[in-house]
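One-based numbering, in listed order, for ligands and for the atoms of each.
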Amino acid sequence: MSFALGLTGSIGMGKSTTAHMFVDEGCALWDADAAVHRLYSAGGAAVEPMRDAFPEAIVDGSVSRDALKQAISADPTALKVIESIVHPLVAADRAGFRESATADILVFDIPLLFETGGNATMDAVACVQVPADEQKRRVMERGTMTEAQFEQIRAKQMPNDEKCARSDFVIVTDTLDHARAQVQDVVRQIRAGKANA
Ligand SMILES: CC(C)(COP(=O)(O)OP(=O)(O)OC[C@H]1O[C@@H](n2cnc3c(N)ncnc32)[C@H](O)[C@@H]1O)[C@@H](O)C(=O)NCCC(=O)NCCS
Ligand SMILES: Nc1ncnc2c1ncn2[C@@H]1O[C@H](COP(=O)(O)OP(=O)(O)OP(=O)(O)O)[C@@H](O)[C@H]1O
């Protein structure tokens, strides 16, 4: 039986980077944002339901993130509609992975793990953490969002301190070496616990 580890944290706190460190330790990874990318791509399961709700968001047969961001900026309630389409499809994708994956530890990189109640289906949760000013600096440096779009997303997420307080492990992502050492420690603890179970 595999161990399911949820990996969460606020936008830009270092989930994806940390998730790949778990892969380096032999864990299998499922990534919620990557699942959304598959669902939005041409032929993906979200395309037709999204066309019904936001016809202008379908460009060349796939869902345009820029068009969705414009829709959300114009009407913040649009995000709720988008979520009601996307989240059930994401849950089905995740269930398929969990049934088929064979690694001893499965890592689920899920930004909205606590907000969607997904933590209840995990054996343990790890939360990434970095100071808020560094978080903002990193997201702005990516250049994919305006400051207003960033603040809108951040305001929708549970405060990161609360996510960390509710998690079994906290991984501080101030430097790559520090984060990797903490990942290795988490994996060691889980494997030791499994060996003793
Ligand atoms: C709003 C959209 C168009 C922005 O796209 P963009 O490519 O600029 O950003 P990206 O998808 O990489 O998201 C960046 C980060 O924003 C956060 N985020 C995304 N969607 C949400 C949301 N609905 N609520 C809170 N935070 C969110 C996550 O931390 C995510 O990692 C896109 O995120 C989207 O379609 N979101 C709805 C689907 C969803 O809820 N995804 C979250 C994971 S299931
Ligand atoms: N341990 C670390 N040390 C230094 N920089 C890091 C570390 N982890 C992540 N970063 C940097 O922070 C930025 C955000 O990291 P990453 O994309 O992993 O975050 P994320 O939480 O997955 O973001 P999002 O929620 O937006 O998907 C990147 O530029 C990455 O290089």
Side-chain angles (χ1 to χ4, degrees), residues 6-24 29-41 44-47 49-50 53-54 57-59 62-94 107-118 126-160 163-164 170-184:
L7 178 65
T8 195
S10 186
I11 174 170
M13 288 256 177
K15 286 177 301 300
S16 307
T17 307
T18 307
H20 287 97
M21 294 177 180
F22 278 100
V23 172
D24 293 341
L29 173 65
W30 181 84
D31 175 335
D33 287 336
V36 175
H37 276 272
R38 284 195 296 278
L39 292 165
Y40 283 1
S41 63
V47 175
M50 206 67 96
F54 304 96
I58 309 303
V59 178
S62 63
V63 178
S64 158
R65 288 165 172 263
D66 285 340
L68 287 187
K69 282 188 274 193
Q70 277 173 26
I72 297 165
S73 296
D75 172 11
T77 63
L79 186 55
K80 273 266 158 284
V81 179
I82 296 167
E83 287 177 345
S84 71
I85 295 169
V86 175
H87 288 181
L89 297 171
V90 169
D93 192 279
R94 184 170 88 193
V107 174
F108 294 85
D109 174 350
I110 306 182
L112 304 180
L113 183 70
F114 285 113
E115 290 88 339
T116 58
C127 185
V128 290
Q129 173 81 301
V130 83
D133 54 346
E134 175 64 7
Q135 171 197 24
K136 185 169 180 175
R137 196 193 64 72
R138 290 179 181 181
V139 174
M140 291 297 104
E141 195 180 67
R142 277 203 300 234
T144 58
M145 281 189 187
T146 64
E147 196 167 334
Q149 284 164 342
F150 165 67
E151 294 297 351
Q152 200 177 354
I153 291 276
R154 183 158 70 173
K156 270 212 71 226
Q157 298 187 344
M158 181 187 289
N160 210 57
K163 289 185 182 181
C164 286
V170 174
I171 297 173
V172 179
T173 60
D174 49 355
T175 68
L176 294 173
D177 284 349
H178 187 206
R180 189 175 294 282
Q182 294 165 88
V183 165
Q184 289 169 340

Is ligand 2 under 4.0 Å from a heavy atom in the side chain of [X], in the backbone, in both, or in neither?
X      : answer
Thr173 : both
Ala179 : side chain
Asp33  : side chain
His178 : neither

Can you tell me which residue and heavy atom of the protein come closest to [atom], and the distance to 0.1 Å?
atom                    : result
atom 25 (C) of ligand 1 : Leu112 CD2, 3.4 Å
atom 1 (N) of ligand 2  : Thr175 O, 3.0 Å
atom 25 (O) of ligand 2 : Lys15 NZ, 2.7 Å
atom 17 (O) of ligand 2 : Arg142 NH1, 3.5 Å
atom 5 (N) of ligand 2  : Arg138 NH2, 3.3 Å
atom 19 (O) of ligand 2 : Gly14 N, 3.1 Å
atom 41 (N) of ligand 1 : Val36 CG2, 4.0 Å
atom 22 (C) of ligand 1 : Glu83 OE2, 3.4 Å

If I apply the N/O under 3.5 Å rule, does [X] come out as touching ligand 1?
X      : value
Arg142 : no
Lys15  : no
Tyr40  : yes

Which atoms of ligand 1 have any heavy atom of [X] under 4.0 Å away?
X      : answer
Ile153 : 16 (O), 17 (C), 18 (N), 26 (N), 27 (C)
Ile72  : 1 (C)
Leu68  : 3 (C), 35 (O)
Asp33  : 30 (C), 31 (O), 43 (C)
Leu79  : 23 (N)
Ile11  : 15 (C), 16 (O), 29 (O)
His87  : 39 (C), 40 (O)
Ile82  : 37 (C)

Does any non-hydrogen side-chain atom of [Y] lie less than 4.5 Å from one of [X]?
X      : Y      : value
Asp109 : Ser16  : yes
Val139 : Arg142 : yes
Val47  : Ile58  : yes
Arg137 : Val130 : no
Gln157 : Ile153 : yes
Leu113 : Phe108 : no
Gln152 : Leu79  : no

What's the spacing between [X] [atom1] and [Y] [atom2] if we round to 0.5 Å?
X      : Y      : atom1 : atom2 : value
Ile82  : Phe54  : CD1   : CZ    : 4.5 Å
Lys80  : Asp75  : NZ    : CG    : 12.5 Å
Leu112 : Lys156 : CG    : NZ    : 6.5 Å
Gln129 : Lys163 : CD    : NZ    : 10.5 Å
Ser10  : Arg154 : OG    : CZ    : 7.0 Å
Arg180 : Phe22  : CZ    : CZ    : 11.0 Å

Problem set entry | Thr173 and Thr17: CA distance, side-chain angles, deciding distance, side-chain contact (heavy atoms from CB on, under 4.5 Å) verdict | CA-CA 9 Å; Thr173 60; Thr17 307; over 6 Å; no
Exercise. Do Met21 and Gln184 pass the side-chain contact (heavy atoms from CB on, under 4.5 Å) test, and can you show the C-alpha distance, the side-chain angles, and the key distance before you say yes or no?
Worked result: CA-CA 8 Å; Met21 294 177 180; Gln184 289 169 340; over 6 Å; no
For this session: Might you check, step by step, whether the distance between atom 28 (C) of ligand 2 and some protein heavy atom is under 4.0 Å?
Result: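 Flag for atom 28 (C) of ligand 2 set to false, no protein heavy atom closer than 4.0 Å.
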Given [options], which one has a non-hydrogen atom that is nearest to [atom]?
atom                    : options                : result
atom 27 (C) of ligand 1 : Lys156, Gln157, Met158 : Gln157
atom 24 (P) of ligand 2 : Gly12, Ala19, Ser10    : Gly12
atom 30 (C) of ligand 2 : Val172, Thr17, Asp177  : Thr17
atom 8 (O) of ligand 1  : Met145, Arg65, Lys69   : Lys69

Going by the atom numbers of ligand 2, which of them fall below 4.0 Å from some non-hydrogen atom of [X]?
X     : value
Ser16 : 18 (O), 20 (P), 22 (O)
Ile11 : 25 (O), 26 (O)
Met13 : 21 (O)

For this session: Mark the output for Asp174 as yes if a heavy-atom distance to ligand 2 is under 4.0 Å, and as no if none is.
Result: yes
Exercise. So, is Leu176 polar-close to ligand 2, with some N/O to N/O distance under 3.5 Å?
Worked result: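 Checking ligand 2 against Leu176, an N or O pair does fall under 3.5 Å apart.
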For this session: Return a yes/no value for Thr18: is any of its N or O atoms, backbone included, closer than 3.5 angstrom to an N or O of ligand 2?
Result: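 No; the residue has no nitrogen or oxygen that sits under 3.5 Å from a nitrogen or oxygen of the ligand.
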List the atom of [X], the atom of [Y], and the distance in Å for their closest heavy-atom pair.
X      : Y      : result
Lys69  : Thr144 : NZ-O, 3.1 Å
Cys164 : Cys127 : SG-SG, 3.2 Å
Asp174 : His178 : OD1-ND1, 2.8 Å
Leu7   : Lys15  : CD2-O, 3.5 Å

For this session: Please state which part of Ile110 comes within less than 4.0 Å of ligand 1, counting heavy atoms only: side chain, backbone, both or neither.
Result: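 For Ile110, there is no contact with ligand 1 at all, from either part.
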Problem set entry | ligand 1 contacted by Val63 (non-hydrogen, < 4.0 Å) |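 No, Val63 has no heavy atom closer than 4.0 Å to ligand 1.
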Problem set entry | Reference residue Arg138; test side-chain hydrogen bond (donor to acceptor under 3.5 Å, both in side chains); the match among Gln135, Glu141, Glu134 | Glu134
